[in-house]
Amino acid sequence: AARTARREGYVPGVIYGGGEAPVTINVKFNTLLKRLKAGKFLSTLLNVKVDGVDTRVICRGVQRDVVKDLPVHVDFLRLSEKSRINLHIPVEFINAEKCPGLKRGGTLTIVRNDIELMVTAGDIPEKVVVDLTGYNVNDSIHISNVTLPAGSKPPIADRDFAVASIQPPSGLSAG
């Protein structure tokens, strides 16, 4: 069945989870490839219609051909509005012009371009915004300093990991 689907321009897949039996599906190859190339496919909530029933899903894995690097199978996780899932959310830094450390010639060193957060499926944030206002040279910005989007929290609550730091330029004493 999978070979027949691939020959006809589809990628076989499965929808699982949500307390229901797994359902096999076929996704149009071109549509899947466009969505994969657009980016953020693994953190995008999708609506899939199976036998006339609308199902909210999120992609949990894409198997690719070893040689051609093209998708050959796709896995989706079935979600409800209240399902909690872990996703990597991109980080955006704002107010660089209000950062004394950067004005003095410091360099923003980004430790994490995205942060893994536990979010509610009905309320997935587009990004985590980090405000650089008031940070000086040699300051570190930890997850505890970041205002997280409503309804989201880090999966590891007991660790205050660094998101970014402001490094001194060579030749500047940290005084």
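A quick note: this is a predicted structure, and the numbers were derived from the prediction, not measured.
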Visitor: With a 4.5 Å heavy-atom cut-off, do Cys59 and Val62 have their side chains touching?
Guide: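 The answer is yes, as the side chains (C-beta and beyond) meet within the 4.5 Å cut-off.
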Visitor: Using the rule given for side-chain contact (heavy atoms from CB on, under 4.5 Å), can you reason through Val119 versus Ile85, listing the C-alpha separation, both sets of side-chain angles and the distance that settles it, and then say yes or no?
Guide: CA-CA 6 Å; Val119 297; Ile85 51 174; 4.1 Å; yes
Visitor: Only distances under 3.5 Å count here; give the side-chain donor-acceptor pairs of residues 153-165 to other protein atoms, sequence neighbours excluded, each with its distance to 0.1 Å.
Guide:
{"from": "Asp160", "atom 1": "OD1", "to": "Ser144", "atom 2": "N", "distance (Å)": "3.0"}
{"from": "Asp160", "atom 1": "OD1", "to": "Ser144", "atom 2": "OG", "distance (Å)": "3.0"}
{"from": "Asp160", "atom 1": "OD2", "to": "Ser144", "atom 2": "OG", "distance (Å)": "2.9"}
{"from": "Ser165", "atom 1": "OG", "to": "Gln167", "atom 2": "NE2", "distance (Å)": "2.8"}

Visitor: Got more than 12 heavy atoms from elsewhere within 6.0 Å of CD, Glu126?
Guide: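 No, not enclosed.
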Visitor: Are Met118 and Leu148 connected in the hydrophobic side-chain network, where two residues link if heavy atoms are under 4.5 Å apart?
Guide: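 No, Met118 does not connect to Leu148 through the hydrophobic network.
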Visitor: Could you pull out the closest heavy-atom pair between Pro149 and Lys127, with the gap in Å?
Guide: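 Looking at all heavy atoms of both residues, the shortest contact is CG-O, 3.9 Å.
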Visitor: Taking all heavy atoms of Cys99 and all of Leu132, pick out the closest pair and write down the distance.
Guide: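 Of all heavy-atom pairs spanning Cys99 and Leu132, the closest is CB-O, 3.4 Å.
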Visitor: Measure the OG1-CG distance between Thr55 and Leu77 for me, rounded to the nearest 0.5 Å.
Guide: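 Atom-to-atom, Thr55:OG1 and Leu77:CG are 12.0 Å apart.
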Visitor: Please find the pair of heavy atoms, one from Glu92 and one from Ile94, that lie closest to each other, and give the distance.
Guide: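 Residues Glu92 and Ile94, closest heavy atoms: OE2-CG2, 3.5 Å.
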Visitor: Hey, does Lys49 have a side-chain heavy atom less than 4.5 Å from the side chain of Asn47?
Guide: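 Not touching, per the 4.5 Å side-chain cut-off.
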Visitor: First locate atom CZ of Arg56, then atom CG of Leu79, and finally report the distance between them rounded to the nearest 0.5 Å.
Guide: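 If I round to the nearest 0.5 Å, the distance is 7.5 Å.
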Visitor: Identify which one of Asp75, Val50, Val48 satisfies the side-chain contact (heavy atoms from CB on, under 4.5 Å) criterion when paired with Val57.
Guide: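 The residue from Asp75, Val50, Val48 that satisfies side-chain contact (heavy atoms from CB on, under 4.5 Å) with Val57 turns out to be Val48.
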Visitor: Are Asn136 and Ile166 close enough that some pair of their side-chain heavy atoms sits under 4.5 Å apart?
Guide: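 When only atoms from C-beta onward are counted, Ile166 and Asn136 do not touch, as no gap falls below 4.5 Å.
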Visitor: Clusters formed by hydrophobic residues whose side-chain heavy atoms approach within less than 4.5 Å: which one holds Val67, and what are its other members?
Guide: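 Answer for Val67: none, a lone residue.
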Visitor: Could you pull out all donor-acceptor pairs under 3.5 Å where a side-chain atom in residues 15-38 meets a protein atom, sequence neighbours excluded?
Guide:
none

Visitor: Any side-chain heavy atom of His88 sitting closer than 4.5 Å to one from Asn113?
Guide: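 No, too far: nothing below the 4.5 Å cut-off.
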Visitor: Rounded at 0.5 Å granularity, tell me how far NZ in Lys98 sits from NZ in Lys103.
Guide: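 One gets 9.5 Å once the value is rounded to the nearest 0.5 Å.
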Visitor: Under 4.5 Å between side-chain heavy atoms, hopping through other hydrophobics if needed: is there a path connecting Val111 to Phe93?
Guide: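 Shared cluster, no.
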Visitor: Quick one: closest heavy-atom pair of Pro169 and Arg104, and the distance?
Guide: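 The answer is CG-O, 4.2 Å.
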Visitor: Following the transitive rule for hydrophobic clusters with a side-chain heavy-atom cut-off under 4.5 Å over Ile, Leu, Val, Met, Phe, Trp and Tyr, establish whether Ile89 and Val146 coincide in one cluster.
Guide: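 They do share one cluster, since a chain of ILVMFWY contacts under 4.5 Å joins Ile89 to Val146.
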Visitor: Within the distance-only criterion (no hydrogens, no angle test), does the side chain of Arg6 pair as donor or acceptor with the backbone N or O of Val72 below 3.5 angstrom?
Guide: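 The answer is yes, because a donor-acceptor pair under 3.5 Å joins these two groups.
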Visitor: Any link between Val130 and Leu102 through a network of hydrophobic side chains (Ile, Leu, Val, Met, Phe, Trp, Tyr) touching at under 4.5 Å?
Guide: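 Linked, Val130 and Leu102 end up in one cluster.
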Visitor: Rounded to the nearest 0.5 Å, how far apart are CG of Leu87 and CD of Glu116?
Guide: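 Separation between the atoms: 8.5 Å.
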Visitor: Applying the 4.5 Å side-chain criterion to the ILVMFWY set and letting contacts propagate, would Leu46 and Val11 be lumped into a single cluster?
Guide: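 Hydrophobic grouping puts Leu46 with Val11.
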